[in-house]
Amino acid sequence: MPTNQEIATTLRRVAAVFEVIDSDFFRTRAYQNAANAIENLTISAYDLFEQKKLTEIPGVGPNIANHLDELFVKGKSSHFEREMKRVPAGMFGLLGVRGIGPKIAYRLSKKFHLRFEKTAKNDLLKLIKENKLTGMEGFGDKLIAKLKTSIDNQFNKKVRMLQSEAYPIADKLISYLKAIPLVKTAQPLGSIRRRLSTVGDIDIAICTNSPSNVMPEVLKYPEISKVISQGEAVTRIKLKSGHEVDLKIGRVRQWGSLLQHYTGSKLHNISLRTFAATKSLSLSEHGIKNVKNNKIYLAKDEKEFYKKLNLPYIPPELREGEEEIEWAKENHIPNLVEISDIKGDLHLHTSFDFPTSHDLGVSSVREMLKTAHQLGYQYLGLSDHNPKFNDLSVSQKKKILDKRKLWIRSEKQEYEKTVKSNKIKILIGLEIDIRKDGELALQEELLKDLDYAIVSIHSSFDLSKDENTTRIIKALSHPKASILGHPTGRLINQRDSIKADWLRIIDFCKAQGKILEVNASPQRLDLPDDLVKLAIRSGVKICINSDSHDVNQMANLLSGVYVARRGWATKNNVVNTFSFTDLLKMLK
DNA sequence: GCCGTTTTCGGCCCGACTGTTTTCAGTCG
């Protein structure tokens with residue numbers, strides 16, 4: 001079945017046809033809106049089709065829904081196919097290259113008979129080298145050179161970077177900017193500020209009342225390799241590291257409007273402007289314009305901006321154009337969980353040396369307690385991997401686990417000699433593999449000695465949706481299995497999420513009081529935010545853990561807090577904000 | 001083609017930047 005992404009691509013292609021052939025701007029936009037909505041769905045459009053709920057997707061009306069029905073039933077839609085045949089297929093191969101939109105793609109593919117999507121980029125490159133574009137109306141030397149560069153870049157296209165990669169780059173540049181005398185402040189925008197798990201471009205806002213004096217200073221930043229484009233309000237630079245950064249300049253009095261505009265998301269802004277239009281207001285980075293008298297209201301911060309629209313402040317993590325504006329109108333924006341609410345970390349790997357199924361940690365319990373103290377925690381859960389399942393006898397494993405327990409206790413006693421107060425509680429658990437058949441990789445008699453268990457998939461990732469669902473539910477059925485660790489198993493940009501029926505798993509967790517982990521390891525961030533939202537709406541609790549193998553990683557838990565916030569979590573949804581007594585009840 | 005506590009008809013988010021022109025088209029976010 002076509003994925004949401006594939007459907008969105010098809011709809012965009014049909015939209016492009018309407019744009020270049022029919023110049024039907026609004027029909028074009030209707031298709032683009034539908035594409036955006038489907039791309040941002042948290043469940044598959046196919047599932048909605050099965051439930052006959054396609055028209056509940058905002059932007060999908062009866063016509064597009066009918067075409068999608070046909071697409072799902074027959075594997076293709078005659079309408080989409082027919083529309084796309086009106087242009088040379090090479091046009092679709094050119095779309096997506098930076099600087100090539102529908103109009104240019106159409107003109108080039110038609111003039112040079114680019115009939116194949118797959119070879120279109122190469123064909124165009126060849127035409128450029130043979131100077132075949134020279135002399136075409138509207139194609140000057142600069143534009144042709146730009147197209148060549150864009151296609152070259154496409155061939156070594158980069159994947160979206162991790163938030164943990166992008167943030168430090170932005171942070172370093174921001175420190176530099178803040179040190180410039182006329183700069184009032186600076187801050188990241190876009191997906192960095194909304195704390196998405198991955199980031200495309202790095203956007204930064206600079207607040208100053210003297211843009212013309214400040215910009216030359218900004219461009220002295222030693223990491224810049226070249227200035228890609230420069231205008232009064234926006235400058236795009238490339239860093240020596242290869243990262244591209246957009247710098248937006250805003251004045252103090254319009255700072256709120258600027259931040260709001262460039263924080264996005266695009267869909268949030270579109271929804272917000274549609275809402276503003278009902279109040280005869282028009283929104284832009286410059287302010288809020290009353291279209292009746294053309295008066296512009298300047299917002300110095302975002303609170304003022306939203307207040308002018310009669311809305312409460314909407315945290316950046318929620319600005320995805322889903323239902324946050326509806327909720328804001330009702331004044332129902334939740335108080336999202338914060339890092340200061342976190343009272344402990346339940347997924348930590350110690351340096352206790354024994355034959356585990358996976359990697360050991362490198363830090364002692366003593367070091368972890370010291371770090372926990374600095375982080376203001378009240379409890380820790382130690383969850384080394386289970387002992388090797390096949391290579392050791394049950395009695396050997398028991399010996400190992402008993403020895404581990406003694407070591408943990410002695411480490412704790414040693415640590416407590418060094419501090420006056422603040423006794424941090426310790427839970428002795430394990431992270432246990434979920435085997436292919438859903439059995440836990442630890443024998444029953446050893447399980448009962450644990451305070452709690454995190455159960456996780458570390459193998460057989462490629463099972464079917466049904467097999468994985470059954471396997472996870474079976475594993476969670478054990479009374480000690482309180483937490484499902486890094487549930488989807490994804491490694492961002494490296495390994496896809498496992499296939500599973502998350503609605504069924506969430507229902508099971510709700511019924512049985514099981515907890516879903518939000519693993520804060522930067523390449524995991526798992527549960528992903530969209531599933532966090534589904535889980536929380538269903539009343540399932542989450543636990544935000546760092547999965548540290550080194551005390552230096554314990555502060556990573558903050559990244560998990562951002563994922564939880566993007567999933568609309570309040571502290572009541574997160575078990576490791578609870579008191580130790582209440583936590584124990586949840587782990588039961 | 002979609003949508004509706006102004007509307008089932010008549011609207012549909014808003015602006016920056018580049019390049020090619022000389023007032024605008026195309027693309028991007």
Side-chain angles (χ1 to χ4, degrees), chain A residues 11 14-20 22-38 54-68 79-80 83 94-108 133 135-147 149-150 189-191 194 200-203 205 227-236 244 246-250 254 257-258 260-289 291 296 309 321 325-326 329-330:
Chain A
L11 290 169
V14 176
V17 174
F18 291 142
E19 182 173 351
V20 296
D22 306 317
S23 301
D24 189 343
F25 179 72
F26 293 111
R27 199 173 176 207
T28 296
R29 206 157 70 194
Y31 272 73
Q32 287 169 345
N33 287 342
N36 288 340
I38 288 174
L54 280 173
T55 51
E56 286 181 20
I57 303 170
V60 175
N63 282 302
I64 291 179
N66 273 338
H67 301 317
L68 292 179
H79 173 254
F80 294 161
E83 294 300 335
L94 299 181
L95 286 176
V97 176
R98 175 175 282 276
I100 299 187
K103 301 251 170 74
I104 290 178
Y106 179 59
R107 274 191 66 194
L108 290 173
L133 272 61
M136 274 178 78
E137 197 189 337
F139 284 75
D141 291 345
K142 280 183 177 176
L143 179 61
I144 294 171
K146 194 173 115 181
L147 296 183
T149 314
S150 291
L189 303 159
S191 48
R194 301 200 313 281
D201 288 334
I202 298 169
D203 300 309
V227 178
I228 296 172
S229 69
Q230 191 170 10
E232 269 183 50
V234 180
T235 299
R236 190 176 182 90
E244 292 188 0
D246 272 354
L247 300 164
K248 331 278 187 185
I249 295 251
Q254 49 126 219
S257 308
L258 184 92
Q260 197 289 323
H261 176 84
Y262 285 116
T263 295
S265 64
K266 182 178 177 172
L267 293 183
H268 174 79
N269 285 355
I270 290 172
S271 303
L272 200 63
R273 285 174 196 154
T274 307
F275 168 66
T278 66
K279 298 173 176 292
S280 301
L281 298 172
S282 169
L283 311 180
S284 79
E285 60 266 53
H286 306 299
I288 299 171
K289 187 166 80 177
V291 293
I296 292 187
L309 299 174
I325 292 163
E326 291 306 310
K329 282 193 237 169
E330 306 287 322

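Residue numbers begin at 1 in each chain, while the letters A, B, ... track the order of the sequences.
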Checklist line | Listed nucleotide nearest any side-chain atom of A:T278, set B:dG15, B:dC2, B:dT6 | finding: B:dT6

Checklist line | Whole angstrom value for the distance that separates P of B:dT27 from CG of A:L95 | finding: 9 Å

Checklist line | Span that lies between the C1' atom of B:dG1 and that of B:dT5, in whole angstrom | finding: 24 Å

Note to self: Just N and O in the side chain of A:K266: are any of them under 4.0 Å from OP1 or OP2 of B:dG29?
What the structure shows: no

Next item on the list: Just jot down the side-chain contact (heavy atoms from CB on, under 4.5 Å) partners of A:A205, sequence neighbours excluded, or say none.
Entry: A:L189, A:W255, A:L258, A:L259

Next item on the list: Map A:R236 and A:S280 onto DNA chain B by nearest heavy atom, then report which one ends up closer to the 5' terminus.
Entry: A:S280

Notebook entry, point to check: Do any side-chain nitrogens or oxygens of A:R98 fall under 4.0 Å of OP1 or OP2 in B:dC17?
Noted result: no

Notebook entry, point to check: If only atom types and distance count, is the side chain of A:S150 paired as donor or acceptor with the main-chain N or O of A:V97 below 3.5 Å?
Noted result: no

Next item on the list: Report yes if at least one side-chain N or O of A:N33 is closer than 4.0 Å to OP1 or OP2 of B:dG1; otherwise report no.
Entry: no

Note to self: Tell me whether A:F26 and B:dC2 count as stacked here, given that the ring centres must be under 5.5 Å apart and the planes must differ by less than 30 degrees.
What the structure shows: no

Check: Which part of the nucleic acid, if any, lies within reach of A:V14 when heavy atoms closer than 4.0 Å are counted: base, sugar-phosphate only, or nothing?
Finding: nothing

Check: Taking atom C1' of B:dC2 as reference, at what distance in whole Å does atom CD1 of A:I57 sit?
Finding: 13 Å

Notebook entry, point to check: Choosing from B:dC17, B:dT27, B:dC2, which nucleotide comes nearest the side chain of A:A30?
Noted result: B:dC2

Item checked: Rounded C1' spacing from B:dC14 to B:dC9 in Å -> 25 Å

Next item on the list: Would you mind reading off the distance between A:E232 atom CD and B:dC17 atom P, rounded to a whole angstrom?
Entry: 7 Å

Next item on the list: Using side-chain hydrogen bond (donor to acceptor under 3.5 Å, both in side chains) as the criterion, list what pairs up with A:N33, not counting sequence neighbours.
Entry: none

Check: To the nearest angstrom, how far is A:K279 atom NZ from B:dT6 atom P?
Finding: 9 Å

Check: Any donor and acceptor pair, going by atom type alone, linking the side chain of A:T278 with main-chain N or O of A:T274 inside 3.5 Å?
Finding: no

Item checked: Side chain of A:K103 - closest among B:dT18, B:dT27, B:dC2 -> B:dT27

Checklist line | B:dA16 phosphate, OP1 or OP2, under 4.0 Å from A:H286 side-chain N/O | finding: yes

Notebook entry, point to check: Taking the side chain of A:S284 as its heavy atoms from C-beta onward, which of B:dG26, B:dG15, B:dG29 lies nearest to it?
Noted result: B:dG15

Note to self: Looking at A:S282, I'd like to know whether one of its side-chain N or O atoms comes within less than 4.0 Å of OP1 or OP2 on B:dC14.
What the structure shows: yes

Next item on the list: Look through every strand shown and name the nucleotide pairing with B:dC2 as Watson-Crick or G-U wobble, where both distances are under 3.5 Å.
Entry: B:dG11

Notebook entry, point to check: Considering only B:dG29, B:dA16, B:dG1, which nucleotide approaches the side chain of A:V234 most closely?
Noted result: B:dA16

Item checked: Pairwise P distance for B:dG4 and B:dT8, with rounding to whole Å -> 13 Å

Next item on the list: Could you give the distance separating B:dC17 and B:dC12 at their C1' atoms, to the nearest angstrom?
Entry: 25 Å

Notebook entry, point to check: Rounded to the Å, how far apart are A:L283 CG and B:dG15 C1'?
Noted result: 12 Å

Please produce a list of atom pairs where a protein N or O lies less than 3.5 Å from an N or O of nucleotides 20-24 of chain B.
from, atom 1, to, atom 2, distance (Å)
B:dT20, OP1, A:G140, N, 2.5
B:dT20, OP1, A:G140, O, 3.0
B:dT20, OP1, A:L143, N, 3.3

